[in-house]
Amino acid sequence: MLTLALSKGRIFEETLPLLKAAGIEVTEDPETSRKLILPTSRPDVRVVLVRATDVPTYVQYGGADLGVAGKDVLLEHGGEGLYQPLDLQIAKCRMSVAVRADFDYAAAVKQGSRIRVATKYVSVARDHFADKGVHVDLIKLYGSMELAPLTGLADAIVDLVSTGSTLKANHLVEVEKIMDISSRLVVNQAALKLKRDAIRPLIDAFSTAIR
Ligand code: ATP
Ligand code: MG
């Protein structure tokens, strides 16, 4: 049995065509089904639905043999125990710094002021500002970061941006791109050895489908 960990929403949706290219069809819709384990058209392959941030953990400890996770999530997790054979080029967005439209970020950086930054991505944010020599106090959040600058909790946020419409709706402006983000295939290192005959063709089919 091969177990693939996916999160509901865009990762699930955008992984479906890749699975199809590998001859695997998921026969149930996670948006309507209450099941957390979904069968597929291949009796030896199943999908488990987990929170996006839990995908690397499931794969690392063998709760799933493989999974699909965003680069954002993988960087925060650290990637221990994970083999990352493919950038799937799905769920694309960027990680950026955003501030309130009336906050002069460039001036604050230039003056060497301490900037309060709220984010879910503490590890990436810490590295980014350290590289730039910008002094920051990081505040870890789990939910909508856009609220932080609006309430005075923080001067800036580090968050994912795709169209920018959420930022705009909250009177925030993107002032710095940190990196481009897409999702990767992650494989449990032990499973890759023990289930090589099942996993290798899957990696090859995904890889062909991306191109
Ligand atoms: P939850 O919504 O359960 O709190 P989440 O926000 O991490 O979890 P998703 O919104 O499905 O879950 O995001 C999953 C992954 O998709 C993220 O880790 C990121 O890599 C990518 N992603 C997030 N937001 C966007 C976006 N606006 N456009 C494209 N990809 C995105
Ligand atoms: Mg989300």
Side-chain angles (χ1 to χ4, degrees), residues 4-19 26 28-38 47-60 63-64 66-99 117-128 138-150 153-154 156-187 206 209-210:
L4 171 68
L6 296 176
S7 53
K8 276 205 227 182
R10 72 187 102 232
I11 289 191
F12 182 86
E13 301 299 332
E14 296 186 36
T15 302
L16 281 187
L18 298 174
L19 285 172
V26 185
E28 244 165 297
D29 177 4
E31 299 305 327
T32 54
S33 167
R34 284 167 195 261
K35 287 188 190 168
L36 296 176
I37 301 181
L38 305 178
V47 169
V48 292
L49 296 173
V50 304
R51 196 67 190 258
T53 40
D54 290 337
V55 169
T57 310
Y58 267 82
V59 177
Q60 173 185 11
L66 58 178
V68 176
K71 184 179 176 186
D72 51 323
V73 164
L74 288 167
L75 286 171
E76 289 299 311
H77 169 272
E80 310 95 69
L82 301 176
Y83 173 59
Q84 300 185 26
L86 281 180
D87 182 340
L88 299 174
Q89 306 286 348
I90 60 168
K92 284 185 171 185
C93 54
R94 55 192 184 273
M95 197 182 290
S96 293
V97 182
V99 298
V117 181
T119 187
K120 183 171 158 184
Y121 308 102
V122 172
S123 167
V124 175
R126 183 179 294 114
D127 289 352
H128 172 72
L138 292 170
I139 302 170
K140 167 90 184 183
L141 285 181
Y142 295 87
S144 4
M145 289 157 252
E146 302 84 21
L147 195 58
L150 305 180
L153 176 67
I157 59 172
V158 167
D159 199 1
L160 301 177
V161 184
S162 50
T163 61
S165 56
T166 305
L167 291 181
K168 203 170 174 196
N170 290 294
H171 312 288
L172 300 175
V173 289
E174 188 177 358
V175 287
E176 207 161 75
K177 178 169 102 172
I178 298 178
M179 63 177 74
D180 286 310
I181 299 287
S182 56
S183 284
R184 280 109 201 278
L185 181 67
V186 294
V187 184
F206 278 15
I210 298 161

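Ligands are counted one by one from 1 in listed order, and the atoms in each one are counted from 1 as well.
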Item to check | Within residues 83-98 or reaching into it, pairs that qualify as salt bridge (charged side-chain N to carboxylate O under 4.0 Å, His left out) - sequence neighbours excluded | outcome: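 Passing the test, one end in residues 83-98: Asp87-Arg184, Arg94-Glu174.
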Item to check | atom 23 (C) of ligand 1 - nearest protein heavy atom and its distance | outcome: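 Minimum-distance protein heavy atom for atom 23 (C) of ligand 1 reads Leu160 CD1, 3.4 Å.
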Checklist entry - Tell me: protein heavy atom nearest atom 12 (O) of ligand 1, and distance? => result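 The answer is Ala52 CB, 3.8 Å.
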With heavy atoms of [X] as the reference, note each atom of ligand 1 found under 4.0 Å away.
X: Gly70; answer: 20 (O)
X: Lys92; answer: 28 (N), 29 (C), 30 (N)
X: Ile181; answer: 20 (O)
X: Val73; answer: 18 (O)
X: Ser162; answer: 26 (C), 27 (N), 28 (N)

Would you kindly specify which portion of [X] sits under 4.0 Å from ligand 1, judged on non-hydrogen atoms: side chain, backbone, both or neither?
X: Val161; answer: neither
X: Lys120; answer: side chain
X: Thr163; answer: neither

[X] to ligand 1: N or O pair under 3.5 Å?
X: Ser7; result: no
X: Ser183; result: no
X: Thr53; result: no

Item to check | Donor-acceptor contact present, side-chain Glu14 to main-chain Ala91, <3.5 Å | outcome: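 Yes: the side chain of Glu14 pairs with the backbone of Ala91.
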Checklist entry - Should one rank Arg10, Arg184, Lys71 by closest heavy-atom distance to atom 9 (P) of ligand 1, which comes out on top? => result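 Going through Arg10, Arg184, Lys71 one by one, Arg10 has the nearest heavy atom to atom 9 (P) of ligand 1.
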